[in-house]
Amino acid sequence: MLDVQLLRNDLEGTAQRLKTRGFDLDLRRFQELEQERKGVQMHTQELQAKRNQSSKQIGIAKSKGEDVSAIMAEVANLGDELKTAEEKLAVIQSYLNDLLMNIPNLPHESVPIGKSETDNVEVRRVGTPRSFDFPVKDHVDVGEGLKQLDFETAVKITGARFSLMKGPLARMHRALAQFMLDVHTQAHGYTEVYVPFLVNADSMRGTGQFPKFQDDQFHVCADDLYLIPTAEVPVTNIVRDVIVALEDLPLKFVSHTPCFRREAGSYGRDTRGMIRQHQFEKVELVQIVQPEQSYAALEALLGHAETILKQLELPYRVMALCSGDMGFSAAKTYDIEVWLPAQNTYREISSCSNFEAFQARRMQARYRNGKNKPELAHTLNGSGLAVGRTLVAILENYQNADGSVTIPAVLRPYMGGTEMLSA
RNA sequence: GGAGAGAUGGCCGAGUGGUCGAAGGCGCUCCCCUGCUAAGGGAGUAUGCGGGCUUAAACCUGCAUCGAGGGUUCGAAUCCCUCUCUCUCCGCCA
């Protein structure tokens with residue numbers, strides 16, 4: 001959520017900046033609502049003040065045993081007027097709130113201006129894609145060839161966009177998560193957290209999934225809870241309605257969770273394989289920091305995610321997302337894309353964002369600044385990394401001519417020393 | 001799932017219709033005092049939202065908030081209803 005003051009003080013400028021990410025702010029509607037709000041709110045508060053004063057007088061008079069009928073008559077018809085005013089104010093405020101909750105974050109000044117994916121800017125490229133002297137198979141063919149990846153059974157059990165792994169491949173999937181957690185806790189100073197995978201609507205609102213992306217979530221109706229689309233939701237909401245002591249910042253959390261996404265609206269895309277699943281696992285990095293430090297923190301967090309790819313020796317590139325391609329809540333986002341030889345392209349494997357105070361304002365996540373005043377914190381997160389897609393990248397990049405797959409060196413200690421996946 | 005008890009400020013804890021945003025204590029901050037330390041004395045110490053003032057902050061002022069939402073009343077922490085959560089006992093269970 002943006003600061004309302006920003007809209008009140010510089011509506012035009014804010015609208016301009018929002019336009020760069022393809023959002024059209026309804027200026028007239030905001031102005032009308034805001035003007036009405038101001039009038040009604042002042043009127044309401046005036047009436048409330050009047051009522052409070054009279055009630056106090058009645059109390060004083062009664063305690064002295066005086067006659068109160070005169071004052072009572074004075075406030076007699078205040079009630080209805082006040083009730084009307086309060087109801088009107090509530091309606092206006094809910095309209096304003098709806099408007100506000102659906103406005104995306106402002107892009108940071110360093111964000112490249114652009115309309116779509118094609119305007120994203122490559123920041124760096126690390127590692128060289130291997131050249132194969134045999135026809136490259138995609139991860140589906142590799143995994144099914146090993147008889148360790150089975151989509152057919154997953155479809156039978158549940159439906160499309162689910163997968164089933166067996167044997168050493170299932171173990172490698174688990175090993176990947178363990179490896180990532182160990183690196184981030186031991187080398188990067190993150191605290192591991194285990195969190196609920198079902199959350200309430202308040203948490204979804206806090207990180208910005210609600211109200212706009214309600215259709216993308218799995219809803220457990222009987223209990224009115226939602227399956228998390230990312231660990232970002234439960235982990236960032238740790239600080240909802242909390243005022244963190246200055247000396248406790250930055251907070252750095254890492255969490256390994258399953259993620260559930262309905263993928264509404266992406267029916268035709270990535271239907272083959274485990275690139276786009278309703279259920280996948282992710283190791284997520286989350287930081288809560290002071291505003292002055294959030295951009296340095298973003299670079300650091302990005303580096304932490306990159307470390308995993310470097311250690312797995314997977315070629316990747318870092319993209320700075322343009323204004324038009326960023327997510328709703330982000331002020332700045334870097335995507336890390338891993339090389340997939342079968343697709344002959346780089347595909348997203350991590351997304352690292354600084355949300356500035358956008359999420360913090362929604363969830364009242366604050367810290368005490370140098371003057372001991374509560375101030376909104378900045379929140380960041382990034383995948384470090386998406387486990388399923390990392391597995392895909394390994395299957396494709398480490399495949400051998402005979403259909404086997406070499407296990408990256410750093411994973412072997414997690415695989416009982418095994419060096420190869422083979423049928 | 002059944003029965004009962006409870007939810008008040010950073011913490012403990014008082015408060016069953018009236019000058020209560022809330023006694024008292026602890027903690028914390030500042031000041032005084034004692035050569036230092038300990039003890040003692042004084043003052044201050046919630047958050048959100050509006051309005052005024054301002055470049056801004058500070059400040060002044062109004063409103064709201066005693067788990068959440070609704071109701072009764074001129075007036076609700078206090079009475080009524082619904083919900084949530086916590087604790088105890090029983091049942092069940094990994």
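In what follows, every chain begins at residue 1, and chains take the letters A, B, ... in the order their sequences are listed.
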Query raised in the report: Does the side chain of A/Ser54 come within less than 4.5 Å of A/Met72's, by heavy atoms?
Result: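 No, too far: nothing below the 4.5 Å cut-off.
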Would you check if there is a donor-acceptor pair between the side chains of [Y] and [X] at a distance under 3.5 Å?
{"X": "A/Arg240", "Y": "A/Ser203", "result": "yes"}
{"X": "A/Thr84", "Y": "A/Glu81", "result": "no"}
{"X": "A/His304", "Y": "A/Tyr190", "result": "yes"}

How far, in whole Å, is [M] from [N] if one measures between their [atom1] atoms?
{"N": "B/U29", "M": "B/U88", "atom1": "P", "value": "35 Å"}
{"N": "B/G13", "M": "B/G27", "atom1": "C1'", "value": "14 Å"}
{"N": "B/U72", "M": "B/U78", "atom1": "C1'", "value": "13 Å"}
{"N": "B/C59", "M": "B/G41", "atom1": "C1'", "value": "30 Å"}
{"N": "B/G17", "M": "B/C74", "atom1": "C1'", "value": "12 Å"}
{"N": "B/G71", "M": "B/G9", "atom1": "P", "value": "25 Å"}
{"N": "B/C80", "M": "B/U86", "atom1": "C1'", "value": "23 Å"}
{"N": "B/U73", "M": "B/C89", "atom1": "P", "value": "43 Å"}

Classify [X] by what it touches in the nucleic acid, base, sugar-phosphate, or nothing, heavy-atom distance under 4.0 Å.
{"X": "A/Asn372", "result": "nothing"}
{"X": "A/Gln5", "result": "sugar-phosphate"}
{"X": "A/Lys56", "result": "sugar-phosphate"}
{"X": "A/Met42", "result": "sugar-phosphate"}
{"X": "A/Thr44", "result": "nothing"}

Tell me the interatomic distance from [X], atom [atom1], to [N], atom [atom2], rounded to whole angstroms.
{"X": "A/Leu78", "N": "B/U73", "atom1": "CG", "atom2": "C1'", "answer": "14 Å"}
{"X": "A/Asp202", "N": "B/C83", "atom1": "CG", "atom2": "P", "answer": "19 Å"}
{"X": "A/Gln35", "N": "B/G51", "atom1": "CD", "atom2": "C1'", "answer": "16 Å"}
{"X": "A/Asp241", "N": "B/U65", "atom1": "CG", "atom2": "P", "answer": "17 Å"}
{"X": "A/Arg361", "N": "B/G48", "atom1": "CZ", "atom2": "C1'", "answer": "13 Å"}

Practice prompt. Determine, step by step, whether A/Phe213 and A/Phe328 satisfy the ring pair (Phe, Tyr, Trp, His ring centres under 6.0 Å) criterion, reporting the C-alpha distance in whole Å, the side-chain angles of both residues, the deciding distance to 0.1 Å, and the verdict.
Written response: CA-CA 10 Å; A/Phe213 305 102; A/Phe328 179 75; 5.7 Å; yes
Does [X] make a side-chain N or O approach to OP1 or OP2 of [N] shorter than 4.0 Å?
{"X": "A/Lys38", "N": "B/G50", "result": "no"}
{"X": "A/Arg368", "N": "B/U45", "result": "no"}
{"X": "A/Arg51", "N": "B/A64", "result": "yes"}
{"X": "A/Arg37", "N": "B/C49", "result": "no"}
{"X": "A/Asn52", "N": "B/G75", "result": "no"}

Quiz prompt | First encountered from the 5' end of RNA chain B, between A/Gln53 and A/Arg8 | solution =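 Per heavy-atom nearest nucleotide, the more 5' residue is A/Arg8.
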(Q) Between A/Pro374 and A/Lys62, which residue's closest nucleotide on RNA chain B lies nearer the 5′ terminus? (A)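 Here A/Lys62 is the residue nearer the 5' end.
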Pairing check on [N]: which nucleotide meets the Watson-Crick or G-U wobble criteria with it, both distances under 3.5 Å?
{"N": "B/G75", "result": "none"}
{"N": "B/U88", "result": "B/A3"}
{"N": "B/C28", "result": "B/G44"}
{"N": "B/A38", "result": "none"}
{"N": "B/A14", "result": "none"}
{"N": "B/A58", "result": "none"}
{"N": "B/A22", "result": "none"}
{"N": "B/C33", "result": "none"}

Does this structure show an ion pair linking A/Asp202 with A/Arg362, if we count only N-O contacts that are shorter than 4.0 Å?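 Salt bridge flag = no for A/Arg362 with A/Asp202.
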Cation-pi between A/Arg29 and A/Tyr95: NZ/CZ under 6.0 Å from ring centre and within 45° of the ring axis?
yes
Please pick, from [options], the nucleotide with the shortest atom-to-atom distance to any side-chain atom of [X].
{"X": "A/Ser63", "options": "B/U19, B/G62, B/U47", "value": "B/U19"}
{"X": "A/Lys373", "options": "B/A64, B/A58, B/U19", "value": "B/A58"}
{"X": "A/Gln41", "options": "B/A58, B/G50, B/C63", "value": "B/G50"}

| task | Scan A/Thr379, A/Asn105, A/Thr333 and name whichever one has a side chain to side chain donor-acceptor pair (under 3.5 Å) with A/Ser353. | result |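 Of A/Thr379, A/Asn105, A/Thr333, side chain to side chain donor-acceptor pair (under 3.5 Å) with A/Ser353 is met by A/Thr333 alone.
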*Please name the pair of heavy atoms, one in A/Lys166 and one in A/Asp150, separated by the smallest distance, quoted to 0.1 Å.*
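In terms of heavy atoms, the two residues are closest at NZ-OD2, 4.3 Å.
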Which pairs, protein N/O on one side and nucleotides 91-94 of chain B N/O on the other, fall under 3.5 Å?
none

Could you measure the distance from the CG atom of A/Leu411 to the CE atom of A/Met180? Nearest 0.5 Å is fine.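 So the CG of A/Leu411 and the CE of A/Met180 are separated by 8.0 Å.
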